[in-house]
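In what follows, a single structure is set out as structure tokens and then discussed.
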Amino acid sequence: MTSSTTTVSTTRTAPLVLALTVLVLSWAACGPGAPSGTDSAATDSPTDSPTTTEPVIVPDIEERLAWYSPTEISADLTLLTDEDRQVLGLLIEAAGYMDSLFLRQVWQGNPRLRDRVSRLEGEGADAAREYYKINFGPWDRLEEMEPFVGNVEHPEGAGFYPVDMTKEEFERWLDEHPEDREAFESTVTVIRRPPGASDGLVAVRYADEYGIFLGPVADKLREAATATSNASLKRFLTERAEALLSNEYTESDMAWMDLDAPVEVTIGPYETYEDGLFGYKAAFEAFVTVDLPEEGAALERYKAELPWLERNLPIPDEHKNFDRGSESPIRVVDEVLTAGDGRAAVQTLAFNLPNDEEVREAKGSKNVLLRNVMRAKYDKILLPIAERNLVREQVELVSFDAYFNAVLHHELSHGLGPGKITKDGEETEVRKELKELYSTLEEAKADVMGIYNLLALLDKGAIPEGLAQTLRETLEPTYVAGLFRAARFSLGEAHGRGVATQFNYLLEKGALEVDDEGRFRTVSERFPDAIRDLLHEMLMLQATGDYEGTAELLDRYGVATEELQTAIARVQDLPRDIRPIYVDAGEGGE
Ligand code: ZN
């Protein structure tokens with residue numbers, strides 16, 4: 001996933017007046033809907049043994065807090081009716097519970113340690129409390145989950161398993177109790193010790209483990225279902241409320257794929273990254289969003305060009321892929337509120353759901369781009385990076401429209417080019433042949449193809465003139481600024497090699513030049529050819545399933561050269577990400 005957006009005109013409207021601010025700010029006491037004294041999750045946390053000493057705060061806590069730049073996020077609500085606004089208010093209430101749920105999923109000891117941290121005084125205490133909110137726990141998500149307050153080691157299995165359970169114990173249990181496998185590996189159960197026992201394992205459904213929160217969420221979703229006259233939203237909300245209580249999510253995930261409403265919500269257990277032990281367990285999150293019809297229309301125009309774009313790829317026809325089948329839908333929305341996993345630490349620019357393979361097979365998956373978050377990151381991070389690393393006359397040639405369209409076409413590009421291929425007479429897939437290098441190459445390919453396609457659509461006259469004018473002037477420098485942004489945290493990692501490859505290739509081909517001050521300039525005369533040649537190389541590696549060749553390309557170009565390291569060093573003190581303040585959900589302001 002990359003980054004970016006086109007704002008036509010984000011008209012600010014008055015924040016919805018919601019008497020829910022307290023609910024939404026999940027920091028409040030026990031969190032929404034947690035009846036005090038019933039928080040069983042806080043009791044099963046052997047590593048958080050009560051001590052008389054106060055949890056110690058890392059000395060650079062203020063610096064770390066400054067990594068996240070507080071940023072107001074507002075959505076374009078101008079098209080919403082009174083009914084839409086009422087539904088939106090209910091969805092915001094429902095979403096608020098995801099913070100409390102996720103906090104417990106991160107670690108069962110979280111509510112108790114959070115309470116202790118809330119009573120801390122003295123230097124760094126306020127910053128530690130804020131940082132706790134950002135990270136949903138005492139571990140720094142930008143520093144490999146090292147604790148920033150207290151000294152509890154991060155449990156790999158988060159709050160999903162007993163903290164003293166090892167991988168081996170889990171696997172041994174399944175060997176001895178094969179009938180438990182399905183429940184144990186389910187994305188929507190937690191693993192616990194049987195009540196009162198110190199050994200043995202048992203799977204507990206989310207509906208039971210978290211029922212105290214899920215009941216009220218289901219109620220809110222049903223209320224919203226009653227309030228809306230939109231059939232697709234009514235169906236999703238009804239099905240999802242049912243799912244939270246029955247623990248059966250597939251039907252409601254299907255209904256989510258069909259959503260088409262002015263106000264939408266993605267709410268429930270989704271991503272499994274938080275489970276560092278097995279990657280089985282899904283974390284609760286919510287994205288409350290509003291649709292942007294104008295962006296949808298622009299997207300439809302681009303999608304109509306996809307067959308032409310496939311034909312236009314710089315590879316022989318035999319390698320082109322004209323029957324990729326129905327590709328996943330893309331939606332462009334504004335965020336009104338995120339909660340839970342979706343709000344922790346670094347903010348997502350886009351998400352692709354659901355993960356349920358049954359649903360993906362039946363209906364594909366949906367890619368949701370978050371326009372106002374892209375805008376915020378563009379203003380707070382991409383522009384300052386451009387200011388430091390591009391030659392002065394090109395700094396002003398960076399535009400949000402270019403950034404947004406580059407991201408949009410990055411996403412569309414995942415659906416173009418070789419997928420299923422023939423190698424040595426055998427049917428196979430690019431993914432299988434390129435193995436662990438696949439995603440690095442595929443992400444870099446999508447970056448490069450996104451730019452190649454935009455340049456091609458400009459030449460074809462397929463982009464409306466106003467936007468076309470902007471893109472002609474700003475696409476190249478904006479793309480390069482985006483490379484610095486991406487390289488900043490990923491140099492040395494798989495994804496960073498793909499970013500470095502683009503940068504170093506352009507430099508070698510003279511499409512990018514460095515001046516005496518070490519600032520970069522794109523060279524328009526050479527830029528399109530370099531992009532085409534690089535894309536050709538990448539697509540041929542995919543078309544032929546060439547693992548060795550891919551390794552060679554990444555070894556040759558995907559390196560942290562001195563030029564790149566200097567550029568990255570120059571932006572090290574800039575904020576690493578935004579910290580959203582959702583004004584339309586009643587956050588911020590006094
Ligand atoms: Zn991608």
From CA spacing to verdict: side-chain contact (heavy atoms from CB on, under 4.5 Å), Val288, Thr338: CA-CA 6 Å; Val288 180; Thr338 58; over 6 Å; no
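- Between the Gln542 side chain and the Met538 main chain, no donor and acceptor come within less than 3.5 Å of each other.
- Contact check on Asp317 versus Arg311 returns no salt bridge, with no Lys/Arg side-chain nitrogen under 4.0 Å from an Asp/Glu carboxylate oxygen.
- Pairs engaging residues 550-560 under the salt bridge (charged side-chain N to carboxylate O under 4.0 Å, His left out) rule: Arg497-Asp555, Glu508-Arg556 [sequence neighbours left out].
- Atom OH in Tyr210 sits 7.0 Å away from atom CZ in Phe284 (nearest 0.5 Å).
- The shortest distance between side-chain heavy atoms of Phe184 and His177 does not fall below 4.5 Å.
- Taken from OH in Tyr249 to CG in Asp356, the straight-line distance is 12.0 Å, to the nearest 0.5 Å.
- Look at Glu426 and Lys423 and you find no salt bridge, because none of the NZ, NE, NH1 or NH2 atoms lies under 4.0 Å from a carboxylate O.
- In this structure, Leu564 and Val559 approach most closely via the heavy-atom pair CD2-O, 4.2 Å.
- Side-chain atoms of Glu285 never come within 3.5 Å of backbone atoms of Pro269 as a donor-acceptor pair (strictly under, hydrogens ignored).
- Remark: Glu429 pairs with Lys432 by the salt bridge (charged side-chain N to carboxylate O under 4.0 Å, His left out) rule, at least two apart or across chains.
- Contact check on Glu168 versus Arg172 returns no salt bridge, with no Lys/Arg side-chain nitrogen under 4.0 Å from an Asp/Glu carboxylate oxygen.
- Note on Arg371 versus Glu295: salt bridge recorded, some NZ/NE/NH1/NH2 to OD/OE distance being below 4.0 Å.
- Under the 4.0 Å criterion applied to side-chain N and carboxylate O atoms, Glu264 and Arg331 are assigned as salt-bridge partners.
- For the residue pair Ser365 / Asn352, a side-chain donor-acceptor distance below 3.5 Å is found, with atom types taken as modelled.
- Looking at residues two or more places apart in sequence or on another chain, you find no salt bridge (charged side-chain N to carboxylate O under 4.0 Å, His left out) involving Glu171.
- Between Arg235 and Asp258 a salt bridge is recorded (basic side-chain N to carboxylate O distance below 4.0 Å).
- Salt-bridge check for Asp529 with Arg526: failed, with every basic side-chain N at 4.0 Å or more from each acidic carboxylate O.
- With rounding to the nearest 0.5 angstrom, the NZ atom of Lys509 is 11.5 Å from the CG atom of Leu507.
- Using the six-membered ring where Trp is involved, His410 and His414 have ring planes that are perpendicular, over 60° apart on the 30 and 60° scheme.
- Closest approach of Asp577 to Ile381, counting heavy atoms only: CA-CD1, 3.5 Å.
- At distances below 3.5 Å, at least one donor-acceptor pair connects side-chain atoms of Asn405 with backbone N or O atoms of Asp401.
- Glu442 has a carboxylate O that lies under 4.0 Å from a charged side-chain N of Lys445, or vice versa, which qualifies the two as a salt bridge.
- Under a cutoff of 6.0 Å and an axis angle of 45°, Arg576 and Tyr68 do not form a cation-pi pair.
- Glu305 has a carboxylate O that lies under 4.0 Å from a charged side-chain N of Lys460, or vice versa, which qualifies the two as a salt bridge.
- Shown here is Glu182, whose CD atom has no more than 12 heavy atoms of other residues, nucleotides or ligands within 6.0 Å.
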